[in-house]
J.: 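I'd like to ask you about the structure that follows.
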Amino acid sequence: MSTKRRRVLTAEPDHGVSQPDSESGFIRSYYGDAGLDSATRKMLIYEQRRRLPAFKHRMQLLYAVENNPVTVIVGEPGSGKSTQLPQYLYESGWAADGKKIACTQPRRVAAAMLAQRVSEEMGVELGTTVGYSVRFSDASDPQMTRIKYLTDGTLIRECLADPLLSAYSVVMVDEAQDRSIATDTLLALLKKILHKRKADLRVIISSATLDAEGFRSFFEKDSSIIVSISGQPFPVDTQYLAAPCENYLACAAETVVNIHEKEAPGDILVFLPGKDAILTVLAELEEQQYGNHRLESLLLLPMYAGISASDQKVVFDLAQKGMRKVILSTNVAETSVTIDGVVYVVDCGLVKQRVFDVATGIDRLVTRTISRSSAKQRAGRAGRTQSGKVYRLYTHEAFNSSLFTQHDVPEISRLSLATMVLTLKALGVSNLVRFDYFQPPPPELLSQALEMLAGLGAIDMQSGLLTADLGLHLAELPLDPPLGVCLLNSVAKFACVREAVGAVAMLSLGDSPFVIPSGRRSEALEDRREFIAQEGDVLTLVNVLLGYQETPVRVRQQWCHLHFLNPRLLDQAARISRQLESYLVRMGHRDSLRISCGRDFALLQKCLVSGFFTNVARLDKLDGRYRLIRSGQIIDIHPSSVYFSMDAKPDYVAFASAMDTTKLYMQGITAIDPGWLTEIAPHYFSIK
DNA sequence: GAGCACTGC
C-alpha cells in the first residue's frame, strides 16, 4: 500500500495557486451585447423596466419604505421586485450617505445573476456601484458598492463582524417564502437590530406567496405595511384527476403521451420525487416510443441536481424544430432552475425531504405529499412565457383535504439546528429558549443541538456560553460543527493540519467525487484503486484531493475525466481547503499549516474521532454487518464507500455522515481503534 | 450486497 500513501507524504499544499474562475461562467449577460449603440440600449432597457409590474407601484413602494421600518412585499416571480426595488431605493437617495442597500437571496446563483442584470440596467460595471457577495466570489467594493446582492448566509456572517449591520440603510430579504434556516435566522436578527436602529434602518421582506400577514405580524404591526405587486404573467389552467391513480409513475407517462397527442406545441415539465422515479418514467416513455412513431418527436430529458453539466445544458437549450422537450425533474425545477419554453406541467404531488430524527441524531429522506403553496409554485412554471396547463396527478378533493398542508414544514422545524445555535450564541443570544424566533423551533431540536455542541466541547453547559478555546473559533468556520472540531483539533491536539484541511474540505462536500459512467463500471472501479487507502474513505478522499491539487490547473479537467472524478466537486474542495487555510491563518495558525502527520495516519484518524465520536459502529462477526455503538441499530456501508467492495472490514469504524433512505447507510468511513474512544471522548464513553 | 431531495457559509 506504500505507493498509495506516497501522495499524502509528498504533496505540497497549494497555497495561493490561482484557479480558473470556473464559477464566473454562471453569470451571463441578461441584455446581451448585440452591437447596439449605448443610447438605443439605454432606451430599450428603460422601456423594459417600465413594463414590469413593479413600475406601477414605484411611488407606493417608496412611500411605504419611507414611512415604515418594515415593508412586506408580495409579488410573483417576474414582477421585478428583486431587480427594480433596490434601484428605486438607490435613485431616491437611500444609499446617498455612504450606506448600502442589501438584497439577500437563498441561493448564490440568484444573487450573482441579479447583480449582473441590475448593473447592466444601471449601465455600471459589475462590482462597482452594483455588486454581489457569495462564498468564493466577492464582486463588490467596500467603498463603491451601493446595491449589494448576497446570500442570506453571507449577510448572517457579516453580522458576526458588524452586529448592527451598520453598513446598510436598507436590508431586503428576498424570497422569504423559502423559509430556509438562514432566512428565518436573518428575520429574527433583523427584528433585534431594528430595536436599536429604528430611526435609520429599513427592512423589506419580499415573498412570492400571499402569506404576508405572517411576516408582518412578526414585526410590530403598527410599524409595518404590506404592498402587493400583481403580475403572474400568464394564466395557467388546472386539471385534476377524476379518481386517484394507482401508479403515479405510469400515470405520469400516460399524461405526457396524452398531452403530446392532443395539445398544441410546447415543452412538458414533469415533477417527480427522485432519481429512481425519473428513470422509471424515462424507461416507460422510451419503451412506448419504440412502437409509436408519433412519439419519436419527444425529447426525453432527466433533470436532477447530480446530473453532469453537459447533460444539464441540453435541458436549457432550445429543442430542434418539430421536437417537444419532456423534462423529468426533481424539485430543482420548482425554484432553483428555470427552464424556458415550458407550457405544460405534470405534477405528481410528491417530494423527497430531509428530516432530522432527534432520537437517533440521523437524517432520514422521506417522500411526502407536497404543500398547496408548493403545488402553486409548480403550476406557475407553466405560465412563464404564455398561458399554460398543469396536470395534477391527484384529485381536487385530495388537494383540498388535510393530505395537503398549506405550507411546507419549514427547515427550522425539521433539520438539525447545531449551526444555527452556534451562530446565535456567537452573536450573544444567551437564552435560546426565549429568543424571539420568526417561528420557534421544536424544543427537542433545540436541546439536541445544545447537547451536541456541549458534547463537542463548544458550549459550556454551566454558563451556556461558547467555550473560549473551541466554541468561539468554531462559530467562525464555515463548516458543520463536527467537521469544524476536526479542523481545530488538528492544530490543537493531533498535529495533522495538512491532512485534516483536505479531509474536512472533501467531507464537507457531502457528495462522493467518484463518478461511474454507465457501462464503464468495472473500469471506473479499477481506476479508483489507485487512490484507495486501507484506512478508509477519508484518507482515500485526501489522496484524491492531493492528486487533483498536484495536477497543473490547465489539465485538471482532463485528469478528472481520466480518473472518473467529478471536476466540479474537486474544484469546490480545492476552494474550500484554501478558504479553511485562510481561516486558520486569521486565527494565528499560519505556522501550523505545514504540519503534517507524515506516515502516522493514526493521528488523522484520531482527529476525526474527536469530531465524530458519536458516529461509531462495530462489526458484528455473526452476520457481518455493523451496528451503532449507541443504539445497537444496524447500519450498512454505503455503496460509495471504499469498504463496500473490500473483503477485510475493520472491527470498529467512525463515520462522517449517516442517512436513512432505503436502508440506514453510513458514509465517510474510517477505521478506528476502540481504545481511542475512551482516550479522546472520556465524557462520552465509559471504560467497559 | 447495490445507491442521495435541495441549498448554504
Side-chain angles (χ1 to χ4, degrees), chain A residues 104-111 133-138 150-160 175 178-186 271-279 303-307 329-337 350-355 363-368 370 374 408 410-411 414-415 418-420 422-423 426 474-481 483-484 504-505 508-512 514-516 521 525 572 575-576 579-580 582-583 623-626 636-641 643-647 649 657-668:
Chain A
T104 71
Q105 299 292 319
R107 280 164 284 279
R108 15 186 301 133
V109 198
S133 178
V134 298
R135 189 183 190 184
F136 303 131
S137 190
D138 186 359
L150 1 63
T151 47
D152 28 30
T154 310
L155 192 61
I156 290 173
R157 297 230 148 237
E158 288 192 7
C159 284
L160 287 172
E175 309 290 345
D178 205 72
R179 297 295 311 279
S180 64
I181 290 179
T183 309
D184 273 29
T185 308
L186 188 57
F271 283 104
L272 294 163
K275 190 177 164 179
D276 257 12
I278 288 172
L279 296 181
M303 175 78 199
Y304 44 89
I307 223 159
S329 175
T330 62
N331 228 24
V332 271
E334 190 181 308
T335 45
S336 304
V337 303
L350 296 171
V351 68
K352 273 192 194 177
Q353 250 183 8
R354 191 155 81 173
V355 179
D363 282 326
R364 274 183 310 177
L365 203 58
V366 293
T367 306
R368 294 182 156 175
I370 60 170
S374 175
D408 285 311
E411 287 184 358
R414 65 177 161 89
L415 295 183
T419 302
M420 184 196 75
L422 196 61
T423 309
L474 199 60
E476 298 276 324
L477 292 169
L479 291 170
D480 287 343
L483 284 173
V504 165
S508 74
L509 297 173
D511 248 328
S512 169
F514 294 110
V515 287
I516 298 174
R521 182 175 185 80
L525 290 181
Q572 203 189 335
R575 285 165 185 273
I576 294 172
Q579 191 190 28
L580 296 179
S582 73
Y583 272 96
D623 58 4
R625 295 177 85 178
Y626 285 93
D636 287 303
I637 297 169
H638 191 273
S640 69
S641 168
Y643 287 134
F644 187 74
S645 49
M646 225 183 256
D647 291 328
K649 296 194 187 358
S657 68
M659 177 90 96
D660 197 349
T661 53
T662 50
K663 280 200 271 184
L664 182 55
Y665 283 114
M666 52 182 170
Q667 276 180 295

J.: List in chain and number order the residues that pass side-chain hydrogen bond (donor to acceptor under 3.5 Å, both in side chains) with A:T183, two or more places apart in sequence or in another chain; answer none if no residue qualifies.
T.: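 Checked A:T183 against side-chain hydrogen bond (donor to acceptor under 3.5 Å, both in side chains); matches are A:D152, A:S180.
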J.: Can you check whether A:T154 has a side-chain N or O nearer than 4.0 Å to OP1 or OP2 of B:dC9?
T.: yes
J.: Give one of base, sugar-phosphate or nothing for A:T662, where a contact means two heavy atoms less than 4.0 Å apart.
T.: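 Sugar-phosphate contact only - A:T662 comes under 4.0 Å of backbone atoms but never of a base.
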J.: By nearest nucleotide on DNA chain B, pick out whichever of A:D647 and A:G153 is the more 5' one.
T.: A:D647
J.: Using atom CD1 of A:I516 as one end and atom P of B:dA2 as the other, report the distance to the nearest whole Å.
T.: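 Rounding to the nearest Å, CD1 of A:I516 and P of B:dA2 are 15 Å apart.
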J.: Strictly below 4.0 Å: does A:Y665 bring a side-chain N or O up to OP1 or OP2 of B:dG3?
T.: yes
J.: Mind checking if A:L479 touches a base, just sugar-phosphate, or nothing, with heavy atoms under 4.0 Å?
T.: base
J.: Can A:F644 be classed as stacking with the base of B:dG1, given a centroid separation cut-off of 5.5 Å and a plane angle cut-off of 30°?
T.: yes
J.: Base, sugar-phosphate, or nothing for A:R521, non-hydrogen atoms under 4.0 angstrom?
T.: base
J.: Checking contacts here: which listed nucleotide (B:dC6, B:dG8, B:dG3) is nearest the side-chain heavy atoms of A:R108?
T.: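 For the A:R108 side chain, the nearest candidate turns out to be B:dG8.
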J.: I need the minimum non-hydrogen distance between A:P481 and A:L422, along with the two atoms involved.
T.: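 Result for this residue pair: CG-CD2, 4.3 Å.
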J.: Check this for me, if you would: do A:D408 and A:R368 make a salt bridge, where the nitrogen-to-carboxylate-oxygen distance has to be below 4.0 angstrom?
T.: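 Looking at A:D408 and A:R368, the cut-off is not met.
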J.: Once you round it to whole Å, what is the distance between C1' of B:dG8 and CZ of A:R575?
T.: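 Distance, rounded to whole Å: 15 Å.
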J.: Give the rounded distance in Å between these two atoms: CG of A:L664 and C1' of B:dG1.
T.: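 Going from A:L664 (CG) to B:dG1 (C1'), I get 16 Å.
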J.: Would you mind classifying the nucleic acid contact of A:V351 as base, sugar-phosphate or nothing, using non-hydrogen atoms under 4.0 angstrom?
T.: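 A:V351: no heavy atom of the nucleic acid under 4.0 Å.
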J.: It should be established whether A:K663 places a side-chain nitrogen or oxygen under 4.0 Å from OP1 or OP2 of nucleotide B:dG1.
T.: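 Looking at the OP1 and OP2 atoms of B:dG1, neither is under 4.0 Å from any side-chain N or O of A:K663.
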J.: Could I get the full list of ring-ring contact (aromatic ring centres under 6.0 Å, His included) partners for A:Y583, not counting sequence neighbours?
T.: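 With neighbours one apart ignored, the set is empty.
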J.: Rounded to the nearest 0.5 Å, how far does CG of A:L525 lie from CD1 of A:I516?
T.: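 The CD1 atom of A:I516 sits 5.0 Å away from the CG atom of A:L525.
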J.: Would you compute the distance between atom CG of A:D363 and atom CG of A:D660 and round it to the nearest 0.5 angstrom?
T.: 9.5 Å
J.: What nucleotide among B:dA5, B:dC9, B:dG3 has an atom nearest to a side-chain atom of A:R135?
T.: B:dC9
J.: Can you check the A:L160 CG to B:dG8 P distance for me, whole Å?
T.: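 Distance check: A:L160 CG to B:dG8 P gives 19 Å.
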J.: Once you round it to whole Å, what is the distance between P of B:dG3 and CG of A:D363?
T.: 19 Å
J.: Between atom CG in A:L186 and atom P in B:dC9, what is the gap in whole Å?
T.: 13 Å
J.: Among the nucleotides B:dA5, B:dG3, B:dC9, which one has an atom lying closest to any side-chain atom of A:S640?
T.: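 Side chain of A:S640 sits closest to B:dG3.
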J.: Once you round it to whole Å, what is the distance between P of B:dG8 and CG of A:D511?
T.: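 Taking CG of A:D511 and P of B:dG8, I get 13 Å after rounding.
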J.: Can you figure out which of B:dA5, B:dA2, B:dC9 approaches the side chain of A:T151 most closely?
T.: B:dC9
J.: Where the side chain of A:K275 is defined as all heavy atoms beyond and including C-beta, which of B:dA5, B:dA2, B:dG8 is the nearest nucleotide?
T.: B:dA5
J.: For A:T330, answer base if it contacts any base atom (sugar-phosphate contacts may also be present), sugar-phosphate if it contacts only those atoms, and nothing otherwise; contact means non-hydrogen atoms under 4.0 Å.
T.: sugar-phosphate
J.: Determine the contact category for A:R157: base if any of its heavy atoms lies under 4.0 Å from a base atom, sugar-phosphate if only primed atoms, P, OP1 or OP2 are that close, otherwise nothing.
T.: base
J.: Report the nucleotide, chosen from B:dT7, B:dA2, B:dG1, that has the shortest atom-to-atom distance to any side-chain atom of A:A305.
T.: B:dT7
J.: Taking CG from A:L279 and C1' from B:dG3, how many angstroms apart are they, rounded to a whole number?
T.: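 Atom-to-atom, A:L279 to B:dG3, this comes out as 12 Å.
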